[in-house]
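In what follows, a structure is listed as C-alpha cells, so that the remarks can point back to it.
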Amino acid sequence: MKATTLSSLISLNALLFASSAMAHIPYVEGLDFKDVYDVKAPVEKSLALYMSFDNADDIDQIRFVLTEDDLKADQKNIVQTQDGKIGRKITFNTIVPRCDQYAGVLPKLALVGPTQAALTSSFAGGDLPFAVEGADGVFQLTNTVQGKAFQEKIAGTNYWRQNEASLILTEAGTYKLYIWSPSKTIGDYALVFGDQEIFGPAETVQALKRIAYLRSGMEIKDEACRLAAKK
C-alpha cells in the first residue's frame, strides 16, 4: 500500500472516531442495498440509510426481526416498559438536506409489526398507502415542518433534523418500517435508525468506504440542492 494511501486511511479513521457525526454507519440506497434494507442484529446499532423519494408514490422500507431469544430477560439490550414488560428499544428519525428545493420533503413513517402497547391495532389516521395485516399494529411518525438545522461534520452537509420516535418493542416477529412523502414531493433524505455506536472492523470498513461519497454530496441527486446544502 502506498504511503499516501495509508496516510489518508489513518486520517479518515482518526476523523471518524474523533467526531460523533459519523456515529451512524452509512449505507446508500442503490449502492449498498436495493428496495428493502434488512437490519442486522442488534437492532439498536446506529445506522444512517441514505435514500430518496424517486417518484411521487415511492415508498421506502426497512425490515428487522425480533426473535424469542432477543426478548429473553438475560439479553444485554433488554429494557423495561413502564408497566414492567421487557423488550428492546428502537429509535428512528429522518433528516433532509437543507435547501429550498427540499423544503417540502417531509417524510411520514409507519412501523408495522405484532400488535402491542407501542403498535396499536386501532391506530389513528388509518389511511395508509400500503396494506396492513389484520393481526398487526402500527405506530406512525409525522413531520409537518422542517426541524432544527445542523451540519453533519464529516461530510460537511447541512440537514434539517426531524421528529424522532423511541419505542420499546415487547413482541417477537417481523417488523417493517415504511417511509413515504404524503405531499408527493420528490427528494433525498436519510433515515437514522438505532442509537448505539457499535464499530467493529466491518462497520469501520463500511464507514470509510462511504466517506468520500458523502463528502462529495453524491447522496443528494439535485445539483442545486447539493450546492446549497454544502454551504
Using a 4.5 Å cut-off on heavy atoms from C-beta on, say whether the side chain of [Y] contacts that of [X].
X    : Y    : value
L111 : L119 : yes
K45  : Q196 : no
L47  : V39  : yes
Y189 : I95  : no
R63  : T174 : yes
P97  : D222 : no
T157 : I220 : yes
F92  : L191 : yes

Problem - Lys/Arg N to Asp/Glu carboxylate O, E44 vs K89, below 4.0 Å - result: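 Salt bridge between E44 and K89, a charged N being under 4.0 Å from a carboxylate O: no.
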Checklist entry - Ion pair present between R226 and E219, side-chain N to carboxylate O less than 4.0 angstrom? => result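 Judged by the 4.0 Å cut-off on N to carboxylate O distance, R226 and E219 do not form a salt bridge.
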Before you tell me yes or no, could you show the steps for K108 and Q140 under side-chain hydrogen bond (donor to acceptor under 3.5 Å, both in side chains), namely the whole-Å CA-CA distance, both residues' side-chain angles and the distance that decides it to 0.1 Å?
CA-CA 7 Å; K108 187 169 183 177; Q140 296 188 67; 3.1 Å; yes
Verdict with reasoning, E152 to N158, per side-chain hydrogen bond (donor to acceptor under 3.5 Å, both in side chains)
CA-CA 6 Å; E152 196 284 311; N158 295 296; over 6 Å; no
*asked:* Using the salt bridge (charged side-chain N to carboxylate O under 4.0 Å, His left out) definition, which of the options D74, D69, D70 pairs with K72?
replied: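 Of all the options given, the one that passes is D69.
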> What is the ring orientation for Y175 with F64, classed by angle as parallel under 30°, tilted 30 to 60°, or perpendicular over 60°?
Replying inline: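 Parallel, since the angle between the ring planes stays under 30°.
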* For Q206 and K209, what are the C-alpha separation, side-chain angles and deciding distance, and is it a side-chain hydrogen bond (donor to acceptor under 3.5 Å, both in side chains)? -> CA-CA 5 Å; Q206 176 63 26; K209 183 172 69 173; 3.3 Å; yes
Q: Step by step, work out the salt bridge (charged side-chain N to carboxylate O under 4.0 Å, His left out) result for R210 and D32.
A: CA-CA 10 Å; R210 290 291 167 240; D32 300 311; 2.9 Å; yes
Checking Q116 side chain against T170 main chain: does a donor-acceptor pair fall under 3.5 Å?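 Yes; at least one donor-acceptor contact below 3.5 Å.
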Check: T185 side chain, G104 main-chain N or O, donor-acceptor pair, under 3.5 Å: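 Side chain of T185 to backbone of G104, a donor-acceptor pair under 3.5 Å: yes, one is there.
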Note to self: Walk me through whether S52 and D188 qualify under side-chain hydrogen bond (donor to acceptor under 3.5 Å, both in side chains).
What the structure shows: CA-CA 4 Å; S52 301; D188 307 297; 2.3 Å; yes
Tell me whether R98 forms a cation-pi arrangement with Y159, defined as NZ or CZ under 6.0 Å from the six-membered ring centre and within 45 degrees of its axis.
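Here R98 fails the 6.0 Å and 45° test against Y159.
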**Asked** For T81 and D83, does a side-chain donor sit closer than 3.5 Å to a side-chain acceptor?
**Response**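 D83 and T81 do have a side-chain donor-acceptor pair below 3.5 Å.
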**Message:** Counting the benzene-type ring for Trp, do F33 and Y27 have ring centres under 6.0 Å apart?
**Reply:**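 Not under 6.0 Å, so no.
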Is the distance between the ring centroids of W180 and F130 under 6.0 Å?
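For F130 and W180, the ring centres are under 6.0 Å apart.
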inquiry  = Could you walk me through whether L66 and L169 satisfy the side-chain contact (heavy atoms from CB on, under 4.5 Å) test, starting with their C-alpha distance in whole Å, then the side-chain angles of each, then the deciding distance to 0.1 Å, before giving a yes or no?
reply    = CA-CA 9 Å; L66 288 179; L169 303 179; 3.8 Å; yes
Checking side chain to side chain contact (heavy atoms under 4.5 Å, CB included) between Q162 and each of L141, T142, L106, which is the one that passes?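 Only one option passes, and that is L106.
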Would I62 and F193 count as a side-chain contact (heavy atoms from CB on, under 4.5 Å) here? Give the steps.
CA-CA 10 Å; I62 72 168; F193 189 89; 3.7 Å; yes
